[in-house]
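So you know, we letter chains A, B, ... as the sequences are listed, proteins then strands, and number each from 1. Quick note: numbers below take in every heavy atom, side chains included, and nothing from hydrogens, waters or symmetry partners. Everything numeric in this text was worked out from a predicted model, so none of it was measured.
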Number of protein chains: 2
Amino acid sequence: MIEVGIVEDNVKIRNLIQRYLDMQDNMSCKIAMDSVEEMLEYLKVHKPPNVMLMDIQLPGMSGIKGIEIIKKEYPSVEIMMLTIYHDSHKIFDSLVAGASGYLLKHTSLPEIKESIENLVQGGAPMSPQIARKVIQHFNQPKPEHKPESDLTAREQDIVNGLVDGLSYKLIADRFDISIDTVRAHIRNIYKKLHVNSKAEVIAKSLRGEI
Amino acid sequence: MIEVGIVEDNVKIRNLIQRYLDMQDNMSCKIAMDSVEEMLEYLKVHKPPNVMLMDIQLPGMSGIKGIEIIKKEYPSVEIMMLTIYHDSHKIFDSLVAGASGYLLKHTSLPEIKESIENLVQGGAPMSPQIARKVIQHFNQPKPEHKPESDLTAREQDIVNGLVDGLSYKLIADRFDISIDTVRAHIRNIYKKLHVNSKAEVIAKSLRGEI
DNA sequence: GAATAAACCGCATATTTATGTGATCTCATC
DNA sequence: GATGAGATCACATAAATATGCGGTTTATTC
């Protein structure tokens, strides 16, 4: 039996979902609050549900802040957002805060039910549009870098050595070349990157600017 | 009509999928190669398909590298991975490279078909398990740091100076303290972090390990 | 009120880094 | 076959870093 809790301030929607879910023979939905504060009050003296449906726009504390607190106190609760917001920022914040699913409010009741089942089985239910936005996050950083640094393969080797915290001597050993060669490469690297210390090279490299 | 291309080296699987998709009345699947290289060769003189199914383990170039090249040359192609790998690393790499969907090979043919339709409508088809892994990425950074480094505020100031590429002298100037004090702090920082060079401190810091 | 931690300062020195100048060899390009 | 870029090596030196030792002052804690 999956126990489901709801935090949603729209009474009509809340009652509708609660009744529908409670009617299912593999679910029970007795806990329905219209604010995070109330839910936290409830959880102080009761066992947490398995799954919690959470709105974002709520009286008092926002649902996103709510996720953080609830996940911290009761990490085993699976939280699914159920909201009208589909902007990347809210989606991202919700996931970072600890939500595992994200549905839009126009989702049909049977789909909500399925998503809850999916969630407890280790899935991460999202509408395809939401999934696409999540994925777009991975493609963002790309267009950022246009590094014309243009280091040679050998020079990149040396940079990697520096990033690994090696001294010139150890870099020389690693590549079986003389320390003066390492110096020569580093001189050229500095010229190309317009820097004049190891520190700057390491920082640039780890920031993805090379 | 959705035109679908396939890059998959297992002939049996490739033919099976190709025939099935080509049989659908809203799809056409004429382009099926067993390596990225062949696909690139083909694309030089033919119009790219709308959707491309891509394996990861391939003879020659890997599918992940393939995504990068194809997305760069033909950004409008929607790429969906179809692979046996379900480790976070491969999933992540694929998405960063530009894939928009990620299915496991045991997915049924009708589900593949649905996923393709979903993809062209702006969705991001993934199995629930994959979606969960993607989402876990957002929760990762949290438990990551358990750094008992425990630097004092002043020590953190100094570290920031190092990361900014400053010399001891410049750090001393920045905080209006003597260079010997900077040395003293750095000595303590090295002790706490178990390192013995600026380079390592900078690397640790930029990796979020402080 | 003793102990501890943090921030501050100084002196000394060995090691490492940054930078200059100059050279040889290979490979690709024109 | 000259030109140029890349990789290799050498010698030299000033500057910066790493590390040892020592110390004072000011909070906070027990």
Side-chain angles (χ1 to χ4, degrees), chain A residues 145-210, chain B residues 37 40-41 44 60-61 65 69 145-210:
Chain A
H145 65 117
K146 45 148 185 34
E148 56 177 311
S149 47
D150 199 32
L151 298 186
T152 67
R154 198 48 147 183
E155 287 165 350
Q156 189 60 59
D157 284 342
I158 306 288
V159 169
N160 292 338
L162 293 179
V163 171
D164 291 343
L166 304 182
S167 66
Y168 290 10
K169 173 89 186 74
L170 288 176
I171 293 175
D173 287 351
R174 176 188 279 193
F175 298 111
D176 201 28
I177 57 181
S178 94
I179 193 169
D180 274 308
T181 301
V182 175
R183 281 193 234 267
H185 283 304
I186 285 183
R187 215 173 322 206
N188 293 332
I189 291 166
Y190 285 6
K191 272 207 170 52
K192 286 188 181 177
L193 300 184
H194 307 294
V195 301
N196 57 328
S197 75
K198 247 170 64 156
E200 291 169 274
V201 174
I202 294 169
K204 260 191 195 289
S205 177
L206 286 172
R207 289 197 182 106
E209 292 169 19
I210 295 185
Chain B
E37 287 86 345
L40 290 172
E41 206 54 44
K44 275 186 188 162
M61 186 186 303
K65 186 69 192 161
I69 297 174
H145 61 120
K146 43 145 184 35
E148 57 176 310
S149 46
D150 198 33
L151 299 186
T152 67
R154 198 47 147 184
E155 286 165 352
Q156 189 58 59
D157 285 342
I158 306 288
V159 169
N160 292 338
L162 293 179
V163 171
D164 291 344
L166 305 182
S167 66
Y168 290 10
K169 173 87 186 79
L170 288 177
I171 293 175
D173 287 351
R174 176 188 278 193
F175 299 111
D176 200 30
I177 56 180
S178 95
I179 192 169
D180 274 308
T181 301
V182 174
R183 282 194 233 268
H185 283 304
I186 285 182
R187 213 174 322 204
N188 294 331
I189 291 166
Y190 286 5
K191 271 207 172 51
K192 287 187 181 178
L193 300 184
H194 306 295
V195 303
N196 56 327
S197 77
K198 244 170 70 157
E200 293 168 271
V201 173
I202 294 169
K204 260 189 196 287
S205 176
L206 287 172
R207 290 197 181 105
E209 293 171 16
I210 295 184

field: Pairwise side-chain contact, B:Leu162 with B:Ile186, heavy-atom cut-off 4.5 Å (strictly under)
entry: yes

- prompt: So do A:Lys192 and A:Thr152 actually touch side chain to side chain, heavy atoms under 4.5 Å?
  reply: yes

By side-chain hydrogen bond (donor to acceptor under 3.5 Å, both in side chains) - contacts of [X] (at least two apart):
X	result
A:Arg207	none
A:Arg187	none
A:Arg154	A:Asp157

Nearest-Å distance for atom pair [atom1]/[atom2], residues [X] and [N]:
X	N	atom1	atom2	result
B:Ile158	C:dA7	CD1	C1'	10 Å
A:Ile171	D:dT8	CD1	C1'	16 Å
B:Ile189	C:dA6	CD1	P	12 Å
A:Ile177	D:dA10	CD1	P	12 Å

For [X] and [Y], work out which heavy atoms get closest and say how close.
X	Y	value
A:Gly161	A:Ile171	C-CD1, 3.9 Å
B:Met61	B:Glu37	N-OE2, 2.9 Å
A:Ala199	B:Ile202	CB-CD1, 3.3 Å

Using nucleotides 3-5 of chain C, report all nitrogen or oxygen pairs with the protein that are shorter than 3.5 Å.
none

query: Are B:His185 and C:dC8 close enough that a side-chain N or O sits under 4.0 Å from OP1 or OP2?
result: yes

message: How would you summarise protein contacts on nucleotides 12-24 of chain C per nucleotide, using B for base, S for sugar-phosphate only and - for none, with heavy-atom distances below 4.0 Å?
response: -----BBBBB---

message: I'd like to compare against my own output: the B/S/- annotation of nucleotides 24-30 of chain D with a strict under-4.0 Å heavy-atom distance to protein.
response: -------

- request: Decide yes or no on side-chain contact (heavy atoms from CB on, under 4.5 Å) for B:Asp173 and B:Lys169, but give the supporting numbers first.
  value: CA-CA 6 Å; B:Asp173 287 351; B:Lys169 173 87 186 79; 3.0 Å; yes

- request: Please step through side-chain contact (heavy atoms from CB on, under 4.5 Å) for the pair A:Glu200 and A:Leu193, ending with a clear verdict.
  value: CA-CA 9 Å; A:Glu200 291 169 274; A:Leu193 300 184; over 6 Å; no

task: Examine distances only and state if a side-chain atom of A:Tyr168 and a backbone atom of A:Thr181 form a donor-acceptor pair shorter than 3.5 Å.
output: no

query: Which part of the nucleic acid, if any, lies within contact of A:Thr181, taking any heavy atom under 4.0 Å across all strands shown: a base, the sugar-phosphate backbone alone, or nothing?
result: base

